[in-house]
Undergrad: 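Structure in structure tokens, see below.
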Amino acid sequence: MSSSRRQYPFHLIEPKWQKFWESQQTFRAWNPGEKIPSRHPFALRHGADCMCEPGRRPRKCYILDMFPYPSGAGLHVGHPEGYTATDILARYMRARGFHVLHPMGWDAFGLPAEQFAVKTGRHPRQTTAENIATFKRQIQSLGLSYDWSREVDTTDPAYFKWTQWIFLQLYNSWFNPKTNRAEPITMLPAPPDEGAALSDAEREARLRAWRDSKRLAYVTEAPVWWCEQLGTVLANEEVVDGRSHVGGFPVVRRPMRQWMLRITACAGRLLEDLNLVDWSHSLKEMQRNWIGRSEGAEVDFQVAGSPEKIRVFTTRPDTLFGATYIVLAPEHRLVDSITPPAPRVAVARYKADVAKKSDLERTELAREKSGVFTGAYALNPVNGQRIPIWIADYVLATYGTGAIMAVPAHDTRDFEFAKKFDLPVIQVVQPPDADADWRGYTGDGASIHSTGPQVSITGLPTQDAKEKITAWLESKNLGRRAVHYKLRDWLFSRQRYWGEPFPIVWKRDARGGVCHEALPEAALPVLPPELDDYKPTPDGRPPLARAANWVNLPDGSQRETNTMPQWAGSCWYYLRFLNPQNAAAFVDKEAETYWMGPRDAKTPCPAGVDLYVGGAEHAVLHLLYARFWHKVLYDLGHVSTPEPFLKLVNQGMVLGEDNQKMSKSRGNVIAVDAPVREVGTDAFRLYEMFMGPLEMVKPWSTAGVEGVYRFLGRVWRLFVDETSETQFEQAATVARPEDQAGLLDMITLDSAIQDVAPGPPQLKALHGCIRKVTEDIEALRFNTAISALMVFVNEAMTWKTKPVSAMRDFLILLQPFAPHLAGELWSKLQRFTAKTRESAAGMASLSYQPWPVFDPALLVEAEIEVPVQVNGKLRDVVKVPVEAGNAALEAAATASEKVRQFTDGKTIKKIIVVPKKLVNIVAV
RNA sequence: GCCGGUGUGGCGAAAUGGCAGACGCACAGGACUUAAAAUCCUGGGACGGUAAAACGUCGUGCGGGUUCGAGUCCCGCCACCGGCACCA
């Protein structure tokens with residue numbers, strides 16, 4: 001690639017236009033109430049006052065990329081895939097007359113900067129600033145049409161002040177199950193008063209404890225994922241196969257005091273509201289699986305000879321008559337109290353064994369079932385039968401009620417367990433296929449052997465059986481309908497330095513008990529202390545605990561030393577973009593309702609960000625967390641839409657040239673700098689989109705880049721005069737580098753470009769291109785849009801004269817894809833028609849030119865070619881006038897020599913005519 | 001195991017149920033050139049057939065089906081990719 005001659009002077013054109021856009025602030029978006037400079041191209045099109053009056057505001061379009069973590073390695077060719085797609089759409093929507101918000105920023109808290117700091121003692125702020133500078137330089141070299149005046153950085157105190165503020169909203173809220181909404185904690189009904197006369201201190205402590213038990217942000221001592229190498233705990237979502245999501249280090253379970261966010265309270269809404277958004281099927285399914293709703297019943301089993309009851313959760317209440325034993329999770333609270341003396345040693349030993357095993361070992365070990373009989377029995381509520389109570393690690397303490405009724409006949413795990421320990425297996429479901437083995441059959445069927453003294457479901461199909469038995473349980477107060485979710489509360493604290501400190505202090509209440517308290521809003525932002533050493537303390541407390549001056553406050557209280565996880569900043573950045581400099585609020589109300597509101601009357605509820613593009617790796621982490629925060633903010637009246645992201649698209653991964661995932665260890669990572677230097681950013685952007693459909697995984701190809709680069713060279717030669725270019729090159733070789741860009745004006749238009757009306761074939765080529773490019777951009781099919789541009793250029797290369805109007809429209813179509821080249825050629829075309837240089841410069845902003853409108857009448861031809869099939873096989877193509885009816889088509893088809901060869905000697909049974917499309921003759 | 005996605009030339013890929021392979025890469029031949037690069041033109045799914053054509057047969061992971069007609073719709077498999085995984 002490097003040896004080939006430069007196709008066109010992109011190395012001068014691209015910086016020229018990037019500087020122009022920057023100086024003109026071409027892509028600036030304006031908030032309600034802002035007056036737009038009258039010479040700004042947006043004002044020229046929409047009016048300088050258009051944002052001042054609610055009724056005149058242009059339709060908005062919010063197009064968002066997932067902002068990157070600025071790593072030290074810089075951008076590789078995978079990053080700009082999504083950025084290019086959104087940029088094309090942003091530029092297209094501007095041309096369509098929308099007011100486009102297209103921002104970029106940095107998700108800059110995170111582990112790598114902190115680990116680097118631990119190693120070198122350099123403040124993470126320094127490395128973060130350097131990495132942001134690298135990322136910004138690289139992203140800006142791509143000519144993406146971001147409004148850089150709205151840049152945000154999650155590590156900027158002016159930003160994380162509001163992250164902490166949102167945390168306070170969560171802390172000061174509870175979830176009201178009656179309204180299914182988050183509400184201020186002050187609206188929580190008082191704790192049930194047991195009538196005892198309480199001292200003020202006791203009353204206050206009770207109220208505090210009651211509220212603390214309901215807050216959306218709460219403290220708990222819980223077994224958590226601890227990663228020794230990272231020196232911190234991780235959320236469930238950050239642990240993959242017993243290893244850390246970042247770094248791949250082993251993790252273990254360990255009990256620790258932690259901050260949690262009560263995301264489970266929102267599980268139902270997070271699930272249901274997926275119906276409101278326009279996301280891919282697979283992404284919605286991933287979220288649904290993660291939330292993991294199951295519908296069933298809770299059933300209480302009386303423990304024999306004990307006042308205790310064991311509550312189990314089952315999705316198959318219809319199989320109650322087949323329950324032959326109960327299994328508790330080893331950690332279940334009743335295990336010790338129900339176990340009689342004799343088996344205690346065995347039970348304790350089993351519990352200890354399980355506790356010792358990390359979850360990694362548990363999952364890696366063969367699925368051989370293990371467990372111990374507790375010696376206790378429970379009574380089956382449907383028939384009073386005594387069934388043994390076991391403990392086993394295949395029952396998880398963290399799901400359902402931590403206890404199950406085992407129905408070995410119709411559950412795979414229970415069946416394995418029963419076989420191993422020789423427990424009875426009773427059939428209660430008859431499979432529809434009479435020959436099928438009922439042992440281990442888990443599907444639906446009809447209940448059998450399911451009649452007790454008070455209730456019978458024998459003979460009922462599974463669905464009806466479930467209904468009837470659940471109703472009966474409810475009527476006897478033995479059980480109830482229940483829904484359980486796999487989703488767990490969100491572990492929200494980290495033992496790290498480089499994150500947002502919690503706006504929380506610990507103090508003693510009137511009775512001397514330790515309690516937490518929110519700092520007032522005026523205390524925000526809470527800045528992290530300066531440290532020399534970013535490691536945890538020797539006794540295992542978080543790094544912030546090293547700063548005694550910071551931790552200990554004058555009034556004797558102490559600051560929380562945990563910090564928030566990286567997800568915190570990315571949970572709401574799309575809202576800060578709306579109003580990033582606001583010092584008085586996290587976002588201005590009017591800006592929020594404008595930018596997050598419906599795009600136009602056709603937008604379905606719930607509006608929000610119009611298009612959000614990013615990698616599938618965030619399917620359950622970022623996207624679930626951000627939705628949760630958004631819903632809480634919505635309930636509290638801070639935002640106007642129930643969902644943040646209306647349409648979401650995951651771009652497919654870009655693989656290395658070897659068809660493997662790009663990774664440092666494989667050595668197949670392709671950085672953006674080299675291709676951009678060699679073919680320019682327009683060709684680079686074009687190739688990113690030409691590789692294949694946005695959502696597909698696809699390999700990078702250096703040769704493929706060369707192909708689209710050649711295409712842009714063809715576009716260049718379609719417009720410019722060859723002689724003038726040669727003169728330019730001669731002049732440029734002797735000019736100083738800083739003077740070269742000025743010489744671009746030496747290049748003149750090809751003399752074949754003339755101010756003449758386009759002929760019918762030219763209009764046909766142009767409008768075919770307009771239609772295809774428009775439809776394809778709307779559907780995010782950028783690869784086929786580009787091929788349509790190529791088809792047009794191939795055709796236009798053959799034209800003797802090139803009408804200015806057609807060439808101008810083509811440049812508007814090209815502009816979203818190759819904005820620098822299009823801008824340069826556009827400015828030359830303006831000069832062609834403009835009387836003076838001044839007016840040409842004023843008109844030079846291609847970015848706000850109205851998108852051309854496709855005229856279907858221009859695509860109609862006098863004659864059309866219609867394929868003719870015999871028995872479904874293509875035999876001929878006949879030419880007919882476009883107005884030919886079905887009868888004429890049929891006549892032309894049957895008249896064809898070639899067709900006759902295949903129909904002679906046969907009887908024509910039927911002739912199918914698709915108007916103007918096809919004829920198929922059925923002959924036997 | 002469960003959920004989702006994808007299988008089309010040498011390669012990346014196109015095709016509202018209606019001419020399979022648009023567009024591009026790589027390749028081959030030609031023009032220009034002292035030569036090369038660049039550029040421009042031409043060619044191409046496979047097999048058979050022909051001097052070359054005409055032409056014929058087959059062809060979208062595999063096996064069935066629906067249909068005048070299937071890459072596309074339905075049923076059953078296989079492979080690969082992504083996610084979840086003892087979730088009651």
Side-chain angles (χ1 to χ4, degrees), chain A residues 3-7 240-241 280-290 292-294 296 312-316 319 327 329 362-363 365 367 369 392-396 398-407 411-414 416-417 442 484-488 616-617 619-620 650 652-653 655 659 661 686-687 690-693 695-708 710-711 713-714 717 722 772 781 783-791 793-794 797 865-877 898 901 909-914 917-923:
Chain A
S3 62
S4 63
R5 186 180 175 275
R6 193 176 280 131
Q7 289 273 348
V240 180
D241 295 336
S280 73
H281 181 70
S282 70
L283 184 56
K284 285 186 181 184
E285 281 301 305
M286 272 192 234
Q287 290 230 340
R288 286 190 185 114
N289 288 341
W290 192 265
R293 183 180 199 271
S294 348
V312 304
F313 174 65
T314 176
T315 55
R316 293 296 300 271
T319 61
V327 190
R362 272 211 218 174
T363 49
L365 291 172
R367 289 288 158 75
K369 291 281 180 289
D393 67 357
Y394 82 91
V395 175
L396 308 175
T398 47
Y399 184 74
T401 60
I404 61 159
M405 63 173 207
V407 183
D411 180 279
T412 315
R413 292 151 310 184
D414 297 344
E416 280 172 30
F417 191 84
T442 59
H484 281 264
Y485 297 95
K486 277 195 272 187
L487 185 69
R488 310 291 152 75
E617 68 272 21
V620 287
N650 289 128
M653 209 183 336
L655 305 176
N659 241 304
K661 211 168 176 166
L686 208 59
Y687 181 66
F690 190 60
M691 278 189 285
E695 282 132 299
M696 291 294 148
V697 176
K698 48 218 170 278
W700 186 261
S701 157
T702 301
V705 182
E706 189 77 2
V708 292
R710 275 206 284 265
F711 161 68
R714 280 165 73 78
R717 291 189 291 277
E722 212 180 318
K772 183 80 179 137
R781 288 187 302 249
N783 54 332
T784 50
I786 293 167
S787 82
L789 294 169
M790 289 172 167
V791 169
V793 169
N794 289 345
M797 288 293 269
E865 292 187 339
V866 174
V868 182
Q869 298 177 340
V870 178
N871 295 332
K873 280 187 181 159
L874 179 73
R875 295 305 179 188
D876 198 9
V877 177
K898 288 179 188 164
Q901 287 172 20
K909 279 185 66 179
K910 195 171 173 186
I911 298 181
I912 289 121
V913 180
V914 184
K917 268 285 181 62
L918 173 134
V919 180
N920 188 17
I921 299 168
V922 186

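So you know, we letter chains A, B, ... as the sequences are listed, proteins then strands, and number each from 1.
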Undergrad: Roughly how far apart, to the nearest Å, are B:rC19 and B:rA70 at atom P?
TA: 12 Å
Undergrad: If you check the A:Asn794 side chain, which of B:rA38, B:rG56, B:rC23 turns out closest?
TA: B:rC23
Undergrad: Between B:rA88, B:rC19, B:rG56, spot the one nearest the side chain of A:Thr315, thanks.
TA: B:rA88
Undergrad: Given B:rC86, B:rG5, B:rC23, which nucleotide is nearest the side-chain atoms of A:His281?
TA: B:rG5
Undergrad: Between the side-chain atoms of A:Asn920 and the base atoms of B:rC68, is any donor-acceptor pair under 3.5 Å?
TA: yes
Undergrad: Is a donor-acceptor contact shorter than 3.5 angstrom present between the side chain of A:Glu695 and the base of B:rG5?
TA: no
Undergrad: C1' atom, B:rC41 versus B:rG18: distance in rounded Å?
TA: 34 Å
Undergrad: Working to the nearest 0.5 Å, report the span between NZ of A:Lys486 and OG1 of A:Thr398.
TA: 12.0 Å
Undergrad: Could you tell me whether the side chain of A:Ile404 reaches within less than 4.5 Å of the side chain of A:Asp414, counting heavy atoms only?
TA: yes
Undergrad: Does B:rA54 fall in syn (glycosidic angle within 90° of 0) or anti?
TA: syn
Undergrad: Any heavy-atom pair between the side chains of A:Glu722 and A:Arg717 that's under 4.5 Å?
TA: no
Undergrad: Using purine N1 to pyrimidine N3 plus N6-O4 or O6-N4 for Watson-Crick, or N1-O2 and O6-N3 for G-U wobble, each under 3.5 Å, what pairs with B:rG17?
TA: none
Undergrad: Atom CE of A:Met286 and atom P of B:rA85: how far apart are they, to the nearest Å?
TA: 13 Å
Undergrad: Measure CG/A:Leu874 against P/B:rG17 and give the value in whole Å, please.
TA: 20 Å
Undergrad: OP1, OP2 of B:rA37 versus side-chain N and O of A:Arg6: anything below 4.0 Å?
TA: no
Undergrad: So what does A:Gly292 hit on the nucleic acid, given a heavy-atom distance under 4.0 Å: a base, only sugar-phosphate, or nothing?
TA: nothing
Undergrad: Rounding to the closest angstrom, what is the interatomic distance between B:rC3 and B:rA85 at atom C1'?
TA: 10 Å
Undergrad: For a quick check of understanding: with a heavy-atom distance under 4.0 Å over all strands, which category does A:Arg488 fall into, base, sugar-phosphate or nothing?
TA: base
Undergrad: Considering only B:rA88, B:rU57, B:rU16, which nucleotide approaches the side chain of A:Tyr399 most closely?
TA: B:rA88
Undergrad: Heavy-atom distance under 4.5 Å between the side chains of A:Leu283 and A:His281, does that happen here?
TA: no
Undergrad: When you check the phosphate oxygens OP1 and OP2 of B:rG4, does a side-chain N or O of A:Arg288 lie under 4.0 Å from one of them?
TA: no
Undergrad: Set out, line by line, the N/O atom pairs under 3.5 Å between protein and nucleotides 8-15 of chain B.
TA:
from: B:rG12; atom 1: O2'; to: A:Met691; atom 2: O; distance (Å): 2.5
from: B:rA13; atom 1: O3'; to: A:Asn783; atom 2: ND2; distance (Å): 3.4
from: B:rA14; atom 1: OP1; to: A:Asn783; atom 2: ND2; distance (Å): 2.9

Undergrad: Go through B:rC40, B:rG56, B:rG83 for me and flag the one nearest to the A:Asn289 side chain.
TA: B:rG83
Undergrad: Check this one for me: any side-chain N or O of A:Arg714 less than 4.0 Å away from OP1 or OP2 of B:rC40?
TA: yes
Undergrad: Within this structure, what is the NZ-CZ distance for the pair A:Lys772 and A:Arg781, rounded to the nearest 0.5 Å?
TA: 5.5 Å
Undergrad: Under 30°, 30 to 60°, or over 60°: which ring-plane class applies to A:Phe417 and A:Tyr394, parallel, tilted or perpendicular?
TA: tilted
Undergrad: Considering only atom C1', compute the distance from B:rA13 to B:rG1 and round it to an integer number of Å.
TA: 35 Å
Undergrad: Find out whether A:Thr442 and A:Thr412 are in side-chain contact, i.e. whether some heavy atom of one side chain is under 4.5 Å from a heavy atom of the other.
TA: yes
Undergrad: Determine: side-chain N/O of A:Ser294 to OP1/OP2 of B:rA88, distance under 4.0 Å, yes or no.
TA: yes
Undergrad: Would you kindly compare A:Leu283 and A:Ile921 by the position of their nearest RNA chain B nucleotide and give the one closer to the 5′ end?
TA: A:Leu283
Undergrad: Between B:rC32 and B:rA26, how far apart are the P atoms? Round to whole Å, please.
TA: 24 Å
Undergrad: Give me the distance, rounded to whole Å, that separates B:rG59 from B:rG9 when you measure between the P atoms they each carry.
TA: 14 Å
Undergrad: Rounded to the nearest Å, what distance is computed from the NZ atom of residue A:Lys284 to the P atom of nucleotide B:rG82?
TA: 24 Å
Undergrad: Applying a 3.5 Å limit to both distances, which nucleotide forms a Watson-Crick or G-U wobble pair with B:rG45?
TA: B:rC58
Undergrad: Of the candidate nucleotides B:rG4, B:rC68, B:rG18, which contains the atom at the shortest distance from the side chain of A:Ser282?
TA: B:rG4
Undergrad: Counting only distance, no hydrogens or angles, is the base of B:rU57 paired donor-acceptor with the side chain of A:Lys873 under 3.5 Å?
TA: no
Undergrad: Syn or anti for B:rG9, with syn set at within 90° of 0?
TA: syn
Undergrad: To the nearest Å, how far apart are A:Met653 CE and B:rG5 P?
TA: 18 Å
Undergrad: Please determine whether a side-chain nitrogen or oxygen atom of A:Arg710 lies at a distance below 4.0 Å from atom OP1 or OP2 of B:rC25.
TA: yes
Undergrad: Heavy atoms only, 4.0 Å cut-off, all strands: where does A:Gln7 land among base, sugar-phosphate and nothing?
TA: sugar-phosphate
Undergrad: Which whole-number value in Å describes the distance from A:Lys661 NZ to B:rG83 P?
TA: 6 Å
Undergrad: Look at A:Lys910 and B:rC68 and indicate whether a side-chain polar atom (N or O) is within less than 4.0 Å of OP1 or OP2.
TA: yes
Undergrad: Answer whether the closest heavy-atom distance between the side chains of A:Arg875 and A:Lys873 falls below 4.5 Å.
TA: yes
Undergrad: Check the pair A:Gln7 / A:Arg714 against side-chain hydrogen bond (donor to acceptor under 3.5 Å, both in side chains), numbers first and verdict last.
TA: CA-CA 8 Å; A:Gln7 289 273 348; A:Arg714 280 165 73 78; over 6 Å; no
Undergrad: Measure from CG on A:Asn871 to P on B:rA70 and round the result to the nearest Å.
TA: 11 Å
Undergrad: When the C1' atoms of B:rG71 and B:rG7 are considered, how many whole Å apart are they?
TA: 11 Å
Undergrad: Roughly how many Å is it from CG in A:Asp393 to P in B:rC86, rounded to a whole number?
TA: 11 Å
Undergrad: What integer number of Å spans the C1' atoms of B:rC23 and B:rA35?
TA: 33 Å
Undergrad: Would you mind pulling out the nucleotide paired to B:rC40, Watson-Crick or G-U wobble, both distances under 3.5 Å?
TA: B:rG30
Undergrad: Go through B:rA88, B:rG56, B:rG18 for me and flag the one nearest to the A:Val914 side chain.
TA: B:rG18
Undergrad: For B:rG12, give the paired nucleotide (Watson-Crick: N1-N3 plus N6-O4 or O6-N4; G-U: N1-O2 and O6-N3; both under 3.5 Å), or none.
TA: B:rC23
Undergrad: Just how far, in rounded Å, is P of B:rG4 from CH2 of A:Trp290?
TA: 18 Å
Undergrad: Would you call A:Leu655 and A:Val697 a side-chain contact if the rule is heavy atoms closer than 4.5 Å?
TA: yes
Undergrad: Tell me which nucleotide among B:rA88, B:rC40, B:rC55 gets nearest to the side chain of A:Lys898.
TA: B:rC55
Undergrad: Report the residue (A:Gln901 or A:Lys486) whose heavy-atom-nearest nucleotide on RNA chain B is the more 5′ of the two.
TA: A:Gln901
Undergrad: Just checking A:Gln869: base, sugar-phosphate only, or nothing, at a heavy-atom cut-off of under 4.0 Å?
TA: base
Undergrad: Considering every strand shown, what is the Watson-Crick or G-U wobble mate of B:rC86 when both distances are under 3.5 Å?
TA: none
Undergrad: Would you compute the distance between atom NZ of A:Lys909 and atom CG of A:Asn871 and round it to the nearest 0.5 angstrom?
TA: 10.0 Å
Undergrad: Scan side-chain atoms only and decide if A:Ser294 and A:Tyr399 contain a donor-acceptor pair under the 3.5 Å cut-off.
TA: yes
